Amino acid sequence: MSLSLNQWTTRRWSLPEAVDGCARHGLEAVGLWREKVAETGLARSAKLVREAGLRVSSLCRGGFLTAGGLPGEEGRRAFAEALEDNRRAVDEAAELGAACLVMVVGGLPGVRPGEPLPAGFSRDVAGARERVAEALASLAPYAGERGVKLALEPLHPVYCPDRAVLSTLGQALDLALPYPEEQVGVVVDTFHVWWDPALHEQIARAGRRIASYQVCDYLHPLPADVLLGRGMMGDGVIDFPPITRAVAAAGYIGDVEVEIFNADVWAADPDEVVATMKERYAGVVTVPAAPFTVT
């Protein structure tokens, strides 16, 4: 496994600056965001990454599929719009040669990230998960035809209302398993899954369906905006080596992507952030070669 910079960690950098920064710091891969790709242009973004000799470890993000749980015409329209946007995301991932398209599946129908509860939202969390399964039935074959793997990302339960009704790796795997592993996989993001008592069992169950391994720390106490509660590895409560060992033992040989949402990290000099990221990766995340053998 090698280190990748998710470009949201150095949010101040444009896509060209992030690509250049990865090359200057000796990284082999970069995780891209659709917003940044759109700013630069899809064709130019793909060209810049190729010319720098980098891999695209992931493209973030697809998903937000649950609005189809709203009643009547509103729900039908929202579902159709979500499917169309996700097909565009798949096409972008194919053009970029991304290892996967990260899928943040969406929260309760009608609830928007970070906004007060609106009138008429749905509390039907089971129904919202059914909408995700329904969308996958359409999107997985489309992605497979284009050589793109959809990577379902479970998010910490605190984000269930507005971002992801998938809260555990087991839930994500249950939705992924009906499809070929080259079509649908899962994301292991330490911030979101470190707390799960079934984590190691589910990592082993996932095996080669692990499409992305993302790392950052879980800060305590969390800030008022819990979205920004991600810290540099070693600054929070997560014990990384056992998780890394489990992911490696499951057969994952992809990139380890550092994805941090944190106001102080975003305000810091991006080159210093990447230097610290490399140091913490070596000292906190990676595992000495001796303790285990991958079979």
Side-chain angles (χ1 to χ4, degrees), residues 1 6 8-9 31 58 60-61 63 66 100 102-108 111 113-114 125-126 128-129 132 151-177 185-207 209-250 252 254 256-265 277 280-281 283-287 291-292:
M1 293 187 284
N6 183 291
W8 223 247
T9 300
S58 73
C60 195
R61 61 193 175 196
T66 55
C100 65
V102 174
M103 302 291 286
V104 177
V105 298
L108 294 173
V111 180
V125 65
R129 292 176 182 135
V132 177
L152 301 176
E153 181 171 18
L155 268 57
H156 190 281
V158 74
Y159 300 107
C160 187
D162 61 354
R163 295 182 185 276
V165 292
L166 299 182
S167 301
T168 68
L169 188 58
Q171 288 176 320
L173 278 170
D174 288 344
L175 288 182
L177 286 174
V186 294
V187 180
V188 176
D189 184 322
T190 56
F191 177 85
H192 292 301
V193 300
W194 69 274
W195 58 273
D196 185 353
L199 177 59
H200 291 265
E201 172 190 341
Q202 294 302 323
I203 288 174
R205 178 183 172 218
R209 281 191 187 267
I210 299 174
S212 178
Y213 180 37
Q214 296 182 336
V215 297
C216 69
D217 221 329
Y218 188 100
L219 299 179
H220 182 79
L222 288 171
D225 184 350
V226 295
L227 185 66
L228 305 184
R230 294 167 172 253
M232 188 65 72
M233 298 80 71
D235 289 349
V237 302
I238 297 177
D239 186 12
F240 289 93
I243 302 175
T244 302
R245 283 197 294 270
V247 168
Y252 182 73
V256 181
E257 192 175 286
V258 177
E259 183 186 55
I260 300 175
F261 290 34
N262 182 288
D264 291 336
V265 171
M277 182 184 90
R280 299 292 182 87
Y281 174 71
V284 177
V285 176
T286 56
V287 181
F292 72 97

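Heavy-atom basis, side chains included; hydrogens, waters and symmetry copies ignored. Not measured: the values here are computed from a predicted model.
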Taking Val104's backbone N and O only, do any of them form a donor-acceptor pair with Arg163's side chain (distance below 3.5 Å, no angle check)? no
Hey, is the main chain of Gly236 close enough, under 3.5 Å, to the side chain of Asp217 for a donor-acceptor pair? yes
Specify the closest pair of heavy atoms between Phe261 and Leu227, including all atoms of both residues, with the distance to one decimal. CB-O, 3.3 Å
Would you mind reporting whether Ile260 and Met277 have side-chain heavy atoms less than 4.5 Å apart? no
Contact between Pro242 and His200 at the side-chain level, heavy atoms closer than 4.5 Å - yes or no? yes
Side chains of Val193 and Thr168: does their closest heavy-atom pair fall under 4.5 Å? no
Would you mind telling me which of Thr286, Asp235, Val285 makes a side-chain contact (heavy atoms from CB on, under 4.5 Å) with Arg280? Asp235
Pair Ser58-Gln214, side-chain contact (heavy atoms from CB on, under 4.5 Å): steps then yes or no: CA-CA 10 Å; Ser58 73; Gln214 296 182 336; 4.2 Å; yes
What's the spacing between Trp8 CH2 and Arg230 CZ if we round to 0.5 Å? 12.5 Å
Minimum heavy-atom distance between Val165 and Ala128, given as atom pair plus value: CG1-CB, 4.0 Å
Gln202 side-chain N/O to Ala198 backbone N/O, donor-acceptor pair under 3.5 Å: no
Within this structure, what is the OG1-CG distance for the pair Thr190 and Asp239, rounded to the nearest 0.5 Å? 11.0 Å
Sorted by chain and residue number, the salt bridge (charged side-chain N to carboxylate O under 4.0 Å, His left out) partners of Glu257 (sequence neighbours excluded) come out as none
Who are the ring pair (Phe, Tyr, Trp, His ring centres under 6.0 Å) partners of Tyr218, not counting sequence neighbours? His156, Phe191, Trp194
Here the pair of heavy atoms bringing Ala151 nearest to Ala211 is CB-CB, 3.8 Å
Residues in salt bridge (charged side-chain N to carboxylate O under 4.0 Å, His left out) with Asp162, at least two apart? none
Across all chains, not counting sequence neighbours, the side chain to side chain donor-acceptor pair (under 3.5 Å) partners of Arg129 are none
Heavy atoms only: give me the nearest Ala250-Ile210 pair and the separation to one decimal. CB-CD1, 4.0 Å
Quick check on side-chain contact (heavy atoms from CB on, under 4.5 Å): which of Asp189, Val187, Ile243 does Tyr213 satisfy it with? Ile243
Side-chain touch Pro157/Trp195, heavy atoms, less than 4.5 angstrom: yes
Could you tell me how the ring of His192 sits relative to the ring of Tyr159: parallel (under 30°), tilted (30 to 60°) or perpendicular (over 60°)? perpendicular
Of the non-hydrogen atoms in Ala172 and Pro154, which two are nearest, and what is the gap between them? CB-CD, 4.1 Å
With side-chain contact (heavy atoms from CB on, under 4.5 Å) as the criterion, how do Tyr281 and Val258 come out once you've worked through the C-alpha distance, each side chain's angles and the decisive distance to 0.1 Å? CA-CA 9 Å; Tyr281 174 71; Val258 177; 5.5 Å; no
Mind checking side chain to side chain donor-acceptor pair (under 3.5 Å) for Tyr252 and listing every partner two or more places apart, or none if nothing turns up? none
Where at least one partner belongs to residues 196-207, residue pairs that pass salt bridge (Lys or Arg N to Asp or Glu O under 4.0 Å), sequence neighbours excluded: Asp174-Arg205
Does a side-chain heavy-atom distance below 4.5 Å link Leu108 with Val125? yes
In short, Met103 meets Gly63 closest at the heavy-atom pair CE-N, 3.6 Å
